[in-house]
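Residue numbers begin at 1 in each chain, while the letters A, B, ... track the order of the sequences. Here the structure is a predicted model, which is why all the values come from computation and not from measurement.
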Protein chains: 2
Amino acid sequence: MNKSSKDTSVSSIQVIDRMMMLLDAIAANDAPASGDTRAGNTGTTFRPPASLKVLSAETGLHPSTAHRILAALSNNKLVERTEAGHYQLGIKLLSLASRVQERVDLRREALPIMDRLRSALGETVNLTVREGDEVVYVERASSHKTIRVEQVIGSRAPLHVTAVGKLFLAHDGHAACQTYAQRTGLIAYTINTLTHTESLWHAARDALQQGYALDNEEAEIGVGCIGVPVWDASGAMVAGLSISAPIQRRRDEWIPHVMEAGVQLSGRLGYHIRERD
Amino acid sequence: MNKSSKDTSVSSIQVIDRMMMLLDAIAANDAPASGDTRAGNTGTTFRPPASLKVLSAETGLHPSTAHRILAALSNNKLVERTEAGHYQLGIKLLSLASRVQERVDLRREALPIMDRLRSALGETVNLTVREGDEVVYVERASSHKTIRVEQVIGSRAPLHVTAVGKLFLAHDGHAACQTYAQRTGLIAYTINTLTHTESLWHAARDALQQGYALDNEEAEIGVGCIGVPVWDASGAMVAGLSISAPIQRRRDEWIPHVMEAGVQLSGRLGYHIRERD
DNA sequence: CCGGGTTATTTCATAATGTGAAAACGATTA
DNA sequence: TAATCGTTTTCACATTATGAAATAACCCGG
């Protein structure tokens, strides 16, 4: 009979849920083989294109059922078959997604999330994008406190003095960070500004690694930030989300909240969690 | 009982086909509205939303059925609901499509199509992309005839002397075409080269209108081309496909073949035929 | 503030639909 | 040639999706 232990939703259509499992399984097994073709593989780590066997095993569907659903998806160009008979995601997804693309607007998606974060923590939340060697403030949810930090929309700041900017630098890699350092001279804004190339790089790299960056009065004395990256569907870092507060009010407990907001916004832009590890 | 539908498929799953109808219907209603003067509104409405009523009418599905399927899709984030209750395509499509994006490579998709075209018509087929004021030859399926036209992969030609180049110019619009003309001076390569701004513009615009462009010995005496545009999922013109032959061998009957190849390749890149109505 | 018309949602009896065990197929490999 | 593995098709069955109708929510004009 049915041994369906993972009953996901109250009222959904079985076939469609199963279809979704299959699409996700295909997407997961579709991992690109770029740059990871080192010798000495153990043999089990590489990702073969998704065969029926694998997909049915991974989804728990009977091969027969999986095959039937995949054939239906194939008819509708939602999946394609390689000549070897393996499955990959289909072209139709591109044309459908292009419609979503047109609609998705960073600021519009960001605003409600920023609002919630501001309400939860009570401090000003900023959305920034990168432009060259600077971050630009493009949206804001202001704190209601009498003493608050507020950036002008449209204003800029160099990458190395902001939390989000350091994430951008880390994303660029070591070489680009060094080039940036040389190009800009890492001008000191406060006594705390990181002005040495390598300490900047290490701070940035560690920040990206842990998923958030701090700004400890590096741009302005008295102001502290927590910044997180925002990714889009293609895996590009398209923006940053940060909370800014008077340094004595800032709390480490906020970090998970800000990170959660970043994850949410990235999700709204089509980012899927398991990008690469 | 009353099944008067078009069952094109040999064996497909009903729900999935219906789901696809709905997704397509949503996509169609998601298109940028042109000439929709149904309601005189100002400001608040950016896009015409798709209501259940409209979708069920458009797909021929009973409202109840459509609603159920849409709810299932909604559970899986393939569609989203606006707060007004209308339906739009969902974020999940973005993350799925990004996987396709990674895989889709212009040249790889083009080669089999170019091969078929070459075999059908016996002349050299070229794939070109734009780079600034020039087209670059990036792929080729050579004719096997002893007398044939052959461009070097990687070589370039100015826009105004090639069939595909004129399509790019037309795509840019009148002003950009004029700028191009001023900037480059429309150097004559042969006696047939279009060296007058306006005649170039008219030729280009008409070509794009009709879906193909000719090159009548405009780059080199004795060589004639038929070129068609290649579009991607976002509606951008990303390349051109052209066939080149000694002018006395070129036939107008080839035009539909080349156009068909262009449509096929565009489809492989995610372009959906019905852009506007 | 109240009808009346419209649209969205839920219900539920029904059979049509998708299911999966098993068998057939087809490609490798021994 | 037989054996093995993965894919595809078949088919009897009941689970599953269906759609008519009833209900709820919503929107306007009076």
Between dG19(D) and T65(B), is there an OP1 or OP2 to side-chain N/O distance shorter than 4.0 Å?
yes
Contacts of type side-chain contact (heavy atoms from CB on, under 4.5 Å), residue M20(B), not counting sequence neighbours
N76(A), L78(A), K92(A), L96(A), L23(B), D24(B)
Please tabulate, one pair per line, each protein N/O and nucleotide N/O from nucleotides 8-12 of chain C that are separated by under 3.5 Å, including the distance.
unit_1: dA8(C); atom_1: OP1; unit_2: L52(B); atom_2: N; d: 3.3
unit_1: dA8(C); atom_1: OP2; unit_2: K53(B); atom_2: N; d: 3.0
unit_1: dT9(C); atom_1: OP1; unit_2: R81(B); atom_2: NH1; d: 2.9
unit_1: dT9(C); atom_1: OP2; unit_2: H67(B); atom_2: NE2; d: 2.9
unit_1: dT9(C); atom_1: OP2; unit_2: R81(B); atom_2: NH1; d: 3.4
unit_1: dT9(C); atom_1: OP2; unit_2: R81(B); atom_2: NH2; d: 3.4
unit_1: dT9(C); atom_1: O5'; unit_2: H67(B); atom_2: NE2; d: 3.2

Rounding to a whole Å, what distance do you find between I13(A):CD1 and dT19(C):C1'?
16 Å
Can you find a pair of side-chain heavy atoms, one from L269(A) and one from L94(B), that are under 4.5 Å apart?
no
Is the closest side-chain heavy-atom distance between N126(B) and S244(B) below 4.5 Å?
yes
Answer whether the closest heavy-atom distance between the side chains of L265(B) and L127(B) falls below 4.5 Å.
yes
Please list, chain by chain and in numerical order, all residues satisfying side-chain contact (heavy atoms from CB on, under 4.5 Å) with A236(B), sequence neighbours excluded.
D232(B), S234(B), V238(B)
Determine the Euclidean distance between corresponding P atoms of dT4(D) and dT8(D); express it in Å to zero decimal places.
22 Å
Using the C1' atom in both, what is the distance from dC12(C) to dA16(C), to the nearest Å?
16 Å
Detail all sub-3.5 Å separations between protein N/O atoms and N/O atoms belonging to nucleotides 25-29 of chain C.
none

Just the rounded figure in Å: distance from P of dG18(C) to CG of L22(A).
15 Å
Identify, between L61(B) and R18(A), the residue whose nearest nucleotide on DNA chain D lies closer to the 5' end.
R18(A)
If we ignore hydrogens and angles and just use 3.5 Å, is the side chain of R18(A) paired with the main-chain N or O of I69(A) as donor and acceptor?
no
Establish, with yes or no, whether the OP1 or OP2 oxygen of dA20(D) is under 4.0 angstrom from a side-chain nitrogen or oxygen of H62(B).
yes
Quick one: is Q14(A) getting a side-chain N or O under 4.0 Å of the dT15(D) phosphate, OP1 or OP2?
no
Considering only heavy atoms from C-beta outward, does the side chain of R268(A) approach that of R108(A) to under 4.5 Å?
no
Sequence neighbours left out, what passes side-chain contact (heavy atoms from CB on, under 4.5 Å) with R251(A)? Give chain and number order.
E253(A), W254(A)
Under the side-chain contact (heavy atoms from CB on, under 4.5 Å) test, residues paired with S74(A) that sit two or more places apart:
V79(A), R81(A)
D17(A) CG to dT15(D) P, in whole Å, measures 18 Å
Nearest-Å distance, CD1 (I69(B)) to C1' (dT16(D))?
13 Å
What integer distance in Å separates M19(B):CE from dA17(D):P?
13 Å
